[in-house]
Each structure stands twice: as C-alpha cells, then as structure tokens.
Amino acid sequence: MELYQSTIHELHDKIKEGKTTATEITKAVLQRIDTVEGKVHSYIRVMKDEALAAAAATDKEITKGNIKLLSGIPIALKDIVCTKGITTTCGSYILHNFVPPYDATVVEKLRAAGAIFVGKANMDEFAMGSSTETSYFGPTRNPWDLECIPGGSSGGSAAAVAADECVASIGSDTGGSIRQPAALCGIVGMKPTYGRVSRFGLIAFASSLDQIGPFTKDVEDCAIMMNVLAGYDPKESTSVNVEVPDYRQFVGRDIKGWKVGIPKEYFVEGIDPEVKAAIEEAIKTMEKCGAKSVEISLPHTQYCLAVYYIIAPAEASSNLARYDGVKYGFRAPAAELLDMYKKTRMQGFGAEVKRRIMIGTYALSAGYYDAYYKKASQVRALIKRDFEEAFKKCDVILTPTTPTPAFKIGEKTDNPLQMYLSDIFTISANLAGIPGISVLCGFTKIGLPVGAQFLAGHFQEGKLIQVASVFEKEAQSEKRRPKL
Amino acid sequence: MKLTAQEVEYVAHLARLEITPQEKEKFTAQLNDILLYIDKLNELDTKGVEPMSHAIGVTNAFREDKVAASIGTETTLANAPDARGEFFRVPKVIE
Amino acid sequence: MEFEAIIGLEVHAQLLTDTKIFCGCSSKFGAAPNSHTCPVCLGMPGVLPVLNKKVVEYAVKMALATNCTINPTCEFARKNYFYPDLPKGYQISQYVYPLAEHGYVELEVNGGKKKIGITRIHMEEDAGKLLHDEYNPVSYVDLNRTGVPLIEIVSEPDIRSAEEAANYLKSLHEVLVYLEICDGNMEEGSFRCDANVSIRPKGQKEFGTRAELKNMNSFRNVQRALEYEIKRQQYIVENGGTVVQETRLWDDAQGATHSMRGKEEAHDYRYFPDPDLVPVIVDTAWIDRIRADMPELPQDKRERFIRYYQIPAYDAGVLTADKALAQYYEEVVAICAQPKQAANWLMGDVMKFLNEDRRTIRECPIIAASLAEMINLVEAGTISGKMAKDIVEEMYRSGKGPKEVIAEKGMVQITDRDTLIHTASVTVDEHPQQAADYRAGKEKLFGFFVGQIMKKTQGKANPQLVNEILKEILDKKND
C-alpha cells in the first residue's frame, strides 16, 4: 500500500515507529495530487511550499520526540475556513483575492495538533449547492466516475480524501454538505452537534445550521479528527461548553442490545432502488452485530426541505450582505455607490448564490416575515421535537444518506428544486442541531458508492462513532478504491 | 404565481443585485417554483409553537470588557479594493 | 384653531465601556482612522460577535433609573440595510425582544410633575463614519466607531412642546452622566437625538402625520428645530395643506428643517433574530447586584438636599445638576456645617470663575476643604464678607488656602475692641463738626464715620464691631 493511501492512525503508527517522516508523507501526497488533480480537481489551491515547510518543521519536532495526534498528517481544508495569509475564496469570484488576517479556530487547533495543510479544497460557491458545480473555480469530479458529481457543497474535500489527495479533510455541513459528498465519494463524513466544533473563521452560509466536521478514510480517523476539532470556543457565542470525551474509546465497542431506529418516512419518496436495497442490507448487518431495528416516526420529515429553503436563504441573504465591494474582495467599477453595490454583487456572485439571496430577502421582507420565516422557525421546532421523541425509543437512527447515488455533472443544474431534493435525508439533522455520520454501505452495480447515515441525540457523537465503526467492520469486507 | 416580475425587481433592489431582463424572467419562474413548494408548510397548524432560532439552547454568552489588540490600519485596509490614506474609499452616495 | 404638538424622542447614548459591544477593540473616541478595528468589527468573513457583559449591565442601570421593566429574556436581531459605514450589511440591534420596556421619567412642569413614558430601551452597535469629499465624487469610510455600544431610549409620544422635549433630554442626559455610563458629549456624538413630531387640533384624539427630525446636536438645537417644525406644520395645516411623512434635517445655520430626500425609500429592514448571538437572560439576582452598584440618582439627590440641608429647591437643582458639583458641595458642608453659605459661595463666586474659564468643578483650583475653611473664617468673624470675596478670588487664581492668602495680604480683620475704640475715638475727635451735626440729628452721618474708620484700617475693621463702638462713642458724648 502506498503512503498516500494510508489512514491517520496507520501513518501515526509509522511515524512513531520511525518508519516514515512527515516530509515523506507530504511529498507522497503532493505527488499524488500532481498525478490525479488534473482529473478530479479537488483543490482551488494546493499549498505545496507551505506544506513542505510545515512538514520539515514537524520532522524536527518529531526527532525531539514531540509527536502529536496529527503530526505529519496531510490535511485539506475546505476553502470556506479562513487561513491567515492564505487566500480564502469560498468558491466565489467575489472573494477570489481575499486574504484573511486570521485563522479559523479549527485551523489553529489542527495546526497545534501537528497537521500539514496541503491545500484549500473546492466547494460550491458559499457552500450553496449539492454538487460542487457552482464553484467559480470549476466543478470537482467524483473519483469513482469522473462524469459524475462528487456531491456538495464540500465536494472538493470529499473527493480529495477519496482520491487520496490528502489523508483527511475538513468540510462544513449546513444541510448535508459533509454527509452527502461523503456518501457519494464512499468515505466517512461527520457533521457534529451544532455548537460542538467552533464556527469562528468558518465563512457563514446559514449561521444557525452551519457546522464544521471531518472527512476521513475510516471511522477511527473520524474519531481522531473529532478529538482535535471538538471543544468550546469563547470566540463563538453559540459554542457549547460541554465536556468532550475521547472519541477514540468508542471505536469498535459493541452495540449489542442497541435499538436502531428506522424512520418510516425516509423510505417513501423517490428513493433509488439500489440505495434502498443497500440500506435494507445495512439494517440486516446491524442486526448481525446484535442491535435491534425498530420502526420510528419523524412525522414532520416531509416539511424539512421547505423549512430549510426558507431559513438557510434568509440567514444567507443577511450573511452575504457584507460582500459589497467596500472592505475586501471584488469591486465592480461604478461612478456612484448604489450602482457599485449592484454591479459588484451581480458580477461577483454566481447564479445559485443570487437565487438564494433573492429567496431569503423575499422571505424576510415586509409583509412576508410571518408567513415564511416565522412559520419555518415554528415548524423547525416541531422537527426538533420529532427527534427528541424518536430518541426516547432508540439509540441511533439509520437512514440512507442520499436518495440516489452520484448523478451526472450538469444533470440538475437547471432545476434548482431537483438539486435541493438530494439533501432531503440530511437536512433534518441541521434543523434539529443533532450530529450525523455517513459511512460507506455498498456500491451500485456500476460501481458508485452508497452511504448510510446514522443520527444521534445532541452531543452523542460517541455513539455515532461506536455504531459506525462496528458497522464499517462488519459491512466492508473488501476494500475498493476508485480507479484513477 | 406567488411572485410577480415587479416584486422580483424590488427584492433584487433590496438585496443590491442588478439583474438582467432574462435573469428577471428566469428568477421569477424559479422563485415561484420554490415558493410553491414551500407552501406545503401551510398545511401545518403552528399556533402557539414557539419559533426556534437556535439549534441548541445556549444563553448568556459574554466576554469581559477587556481591550484586545486591534489589527492596525494597514492590515485593516490590506484587502480593500480602494483605499486612500487611512480610509476605505467609495463612490459618492446619491440619495 | 388651536394646535398641540405631539413629540416622541429617540435618544442614542454611547456607553462608556472600554471595548466595543461585540469585540475587544477600544471604543475610545479620537483615534487615527481605521485603527480601532479588528476582523469582527470590520465584518470580515467568518468572524463572530460575542457580547460585552458590561454593555448589559450599563443598559440595565439606565433601565432601572428610568423605571423600566427589565424583560427576563431579550435577544438581538439584525437590521439589514446597505451603507458603507455598516460593514456587515446589517446592524446588530434588538427588535421584538428589547432589554427593557414601559418606563418613565418625571419632569418638573410649571411647578407640577409630568411623566414622560419610555417605550423601550435596547442595546445595539454604532455604525462607522462616512466623510464626503468636497471636491471629488467620493466618500471616505472610517470604521473606528463601528461596534461602539449604544443604548437607544425611545419615548412615548407624551411630549407636548419643544421646551418639554429639551427638558426631557436634559433629564436623560443628567441621569446617563450620573450613572457614569455615558460621557454625554453631544458634539462628539456620544448623546444623539432624533425626534418624531406631529400636530393636531387641540381636543382631537388621532395623531397627525409626523415628520422625523435628525441632525440636532445640542439641546438648544433640538428645541429650535422642534419649534420651527411645529410652526411649519401648523402653517401647512392652516393653509389647507397636508403634512408629508418624511425625514427632515435640521439646518443650524439657516435655522430651518429641510426634507432629507425627494424620494423617500420605504424602509424594509428585514429584521430577524441574529443566529450568531444567544438570548440574554437578566435574572433578579443580577438586577439586584446591578442596582446595589448604582449611585444616587439626580432626582433623589435633589430631594435629599432640600430635606437634609434645608436649602431652596432652586439651589438644590443647581448643585445636583452635576454629580461632581454635588459631591464638592457635600464635602464643603461636611466641614463647615453651613449649607446655605456653602451653596451661596459655590453657586456665586466659584461657579462664576469656573464659567469664565470654561472649567468644570473637577478642574476647580479651590479644594473643598479650603472653601469650607474660608466659610468658617467668615462665620468666626476673622474676615468680613467683603474681604472674603477678594480672598476667594485669590484662592481661585493661586490655588492657595484661605489662611495663606490672608497672611500674605495681611487681610485679617481687626476685631480687637480696644484698638477699634481708639481708632473710633480719634476719628470722631478729628471731625468735631460732623460729630456735632450727627448729635443734632443728622443720623446719615453715621455712615461717614464708618467710612473714615474703614479707610484708616484699610477695610480690615470688623464692621459689626465698628458700628457698635461708634454708636457708643457718638451717643456717649451726647450725654
């Protein structure tokens, strides 16, 4: 096995045993990027020089015996997390030249844990999309089928891990933007509980839904990444000061006697037969592991998408008002202010971003607030209540991550509503603020990965790691890799 | 139709987006599709339900009134598309 | 037809915290442009606000001082609009759930008292500053002020005249400064006021169409602008016209209000709860702690001064208008125990000097103990009232104590009886004609003798003693 194909825990062991170095690993990964990036296009920017310099510095530390959790591990950052001194674009022309004078808290944490940043990963513009096609910098392709989308909005981060262009990566999930691409790229992706991982330095899409999380090659790596990422941040008012357990201790613990909730509402709407079959197989696997499946009901499921498509654009319309050509980023030339604003935002934003700004502005505007935003916020409360009720009856919930496997590039770009439907199973977790994980559960006949999603109650990431790791071990007898 | 082309124009102005006639037409159709879908919510009776604006019930997150270093004028203006002296410069405001 | 004015005021007061409301940047006025800034107040991508606890405490103080009900839970909302001085494209303010509501302040009106209702008090962030280029079609943006904490105090439309509006404002201003939560500097914009004004025929219940007045940066201008606007609206109505709802700017130089723009854009601020900030819960224990930390308010102090020091209401009003002056006064009285004398000296000579030099009581060269000592010296008869006036002036100029000034100038009063008897006798003997005329009934000449004695003693003779002795001498010789 090549170095770049390894997991965090494998590489960590090798470094500890002196069998490899940070520089060797980083070079291997950069070499892999050189080889496949032309096909996949996971990155907006590859940080070759910075990565090699960081690796050299890490090796010095390692020789002193200072080996940290992520020492020498090449990591990709979705280009939505701010990196001090490194251009951070959020996939948008309006920020194509923005250089933040600060690091996101997660960047500080990862760096402190020894991580080597190899690049800024591609994404849908301002994380608005499910396919990474709305990036100003061009689409990312699915390593399993280059004709297909990798999912989105964190498509670059997911593809980079699947194509071995990094060992692990960071994404953000507002309505499924980690779990959906993880599923479509056949890797592990976790959206933690809202407030579990700091949002400071994460460029906001919808502040009450956004959450940062990891993409990894296996569940154990997910636990390691969560050990680094999770924790209270005084720079964020919505950060939650709850003790962080050692997530790694949950890896492989048995789940005998657990109740796995199967929400009946998730198996009715236009779900792909192969996906359905894979999930049915997953349920059987769970039972083989000693868990019991129980049917549960999340009665407001059918309203999740509608609620999401009011709340997320409403918050976004406000969050994106700061891109006005005054303080940073792109400005269109104009003789007077109003014209400057309108031209800057017309030329700076892509179509999907403008569409959502329009919906959100409308939903908040005078006379419509109660009918849209307030109504959606009320239904959101009902959706959260559904989960509270459900978790009285089960330990975790199992659903498909996506209704279909990866679709073709360009297939849904002209039909926003169809595109939005690909998040239908992931959105509810963001609305309720609960954690979710997507893990590979099989392949379609033509070889596209299918993901299973586990959901748990607030701050129960440990349970997700436990169930996903057991499932992973039982379900994935053969290790497939995309052919690139 | 929930939304007229005129309303789309008003919303675009509120959001400070210039839109072409073609975009206006396209947006009007697409936004109407989306709003029609969103109408589902009206099936639900939400009387008395407290609107939820936060996923987790954190309250009273404060900082102490202690001065932290500012980043300085140079860094403040470093990303500005148009800076003059110690200021951001913008085209004049026509009221 | 007789009209009455309906006025409501919106006051914005900058809070005297060390840092901004949502970040650690200094909130001090007067720094180099764009130097009190950080990613948070610049609205850079991905940054988040965290509320300054002191802002809540200061706002609660004002709410308590104006008899408001503190809401158990309040929340921040975003007010969305585009302007170059607003880096995020929205102002963080409070909307549906403000910090406090339903308060009032009491004003003295024609000897009686009148309550002006306070609708609400809420916390919000200030915007930056826009400077317009005089020669080129550009503006310059300074974001130092962005994020400086403000409270907005909204009154009920209870105010009925321009004068009442000015009094209400002065009252709020005084309380804010007393609480030490706002420096009250109107020129620097720490205390700003907008007014809503309409008129209606007396006796009518419905309100007329109102105009919003802005750009009034002193109490006097608020009063002038309102007077002008009331007359303007009255003129329109009396001539069969209708008042337009609009924003009008006060032009100080012309003494008139002008419509702000021809085409008033409908405000559509798209308020919604700020998802980046969490609800603020102010429980009773916290309120109690804040209350315990509050100073005596001006109105309470005024009443105490009248009751305890037995000084006239007018004096109490003057002395308590400034918290530092009131404190100075109390220090003086604590030493000399002569409340009325202390009030007279302070409000008379001392304030006159201070006003001439545009100084505040904090900058007064005479320390309270010195003034008290001087008052004691007058009371003891060591110096005369007239001498005291000169001594106080010298104390003010030099910063020296009364005894030092007296010693330097040899200004001690002659109170020795024998010395004065001798001087008086000599004086009477020197003017036999006048003495005879006095004794013959020309009593006006008594003053002549007093003058002669004062001349001889360079004004140092104790006047009461001189009167007494002179009377004795002149009357005795008559026998």
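Because the structure is predicted, anything quoted here is derived from the model rather than measured. Just so it is clear: chains get the letters A, B, ... in the order the sequence lines come, proteins before strands, and each one is counted from 1.
Inter-residue side-chain proximity for Tyr37(B) and Leu305(A) is flagged as met; some heavy-atom pair is nearer than 4.5 Å. At least one side-chain heavy atom of Lys40(B) sits less than 4.5 Å from a side-chain heavy atom of Gln302(A).
Proximity to chain A (any heavy atom under 4.5 Å) is shown, for Asn42(B), by both the backbone and the side chain. For Lys384(A), the part lying under 4.5 angstrom from a heavy atom of chain B is the side chain only. In this structure, chain B has no heavy atom under 4.5 Å from any part of Ser317(A). Using a 4.5 Å cut-off between heavy atoms, Ala363(A) does not touch chain B at all. Proximity to chain A is limited to the side chain of Val58(B), based on heavy atoms less than 4.5 angstrom apart. Of the atoms belonging to Glu50(B), it is backbone heavy atoms, and not side-chain ones, that fall under 4.5 Å from chain A. Heavy-atom distances place no part of Arg63(B) under 4.5 Å from chain A, backbone and side chain included. In this structure, chain A has a heavy atom under 4.5 Å from the side chain of Thr75(B), while its backbone stays farther away. Contact of Leu31(B) with chain A is made through the side chain alone, with heavy-atom distances under 4.5 Å. When heavy atoms are compared at a cutoff of 4.5 Å, Asn241(A) does not approach chain B at all. With a 4.5 angstrom heavy-atom cutoff, Thr344(A) does not touch chain B via any of its atoms. In this structure, the portion of Ala335(A) lying under 4.5 Å from any heavy atom of chain B is its backbone and not its side chain.
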(request) Could you check Tyr341(A) against Glu18(B) for side chain to side chain donor-acceptor pair (under 3.5 Å), going step by step and ending with a plain yes or no? (result) CA-CA 9 Å; Tyr341(A) 279 155; Glu18(B) 189 173 296; over 6 Å; no
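With rounding to the nearest 0.5 angstrom, the CD1 atom of Ile34(B) is 8.5 Å from the CZ atom of Arg356(A). The CE atom of Met358(A) sits 7.5 Å away from atom OG1 of Thr28(B), with the distance rounded to the nearest 0.5 Å. How far CG of Asp39(B) is from OH of Tyr372(A): 5.5 Å, rounded to the nearest 0.5 Å. Atom-to-atom distance recorded for Leu320(A):CG and Arg16(B):CZ is 15.5 Å, nearest 0.5 angstrom.
Between Tyr368(A) and Glu7(B), the shortest heavy-atom distance links the atoms OH-OE2, 2.7 Å. Listed here is the closest heavy atom pair of Ala55(B) and Gly433(A): CB-CA, 3.7 Å. Minimum interatomic distance between Leu41(B) and Lys375(A) (heavy atoms only, all atoms of both residues): O-CE, 3.2 Å. Of all heavy-atom pairs between Pro81(B) and Gly325(A), the closest is CG-O, 3.4 Å.
Heavy-atom pairs under 4.5 Å with chain A peak, among Asn60(B), Thr59(B), Leu77(B), Leu35(B), at Leu35(B). Contact tally against chain A (heavy-atom pairs below 4.5 Å) for Met52(B), Gln30(B), Glu23(B): the top residue is Met52(B).
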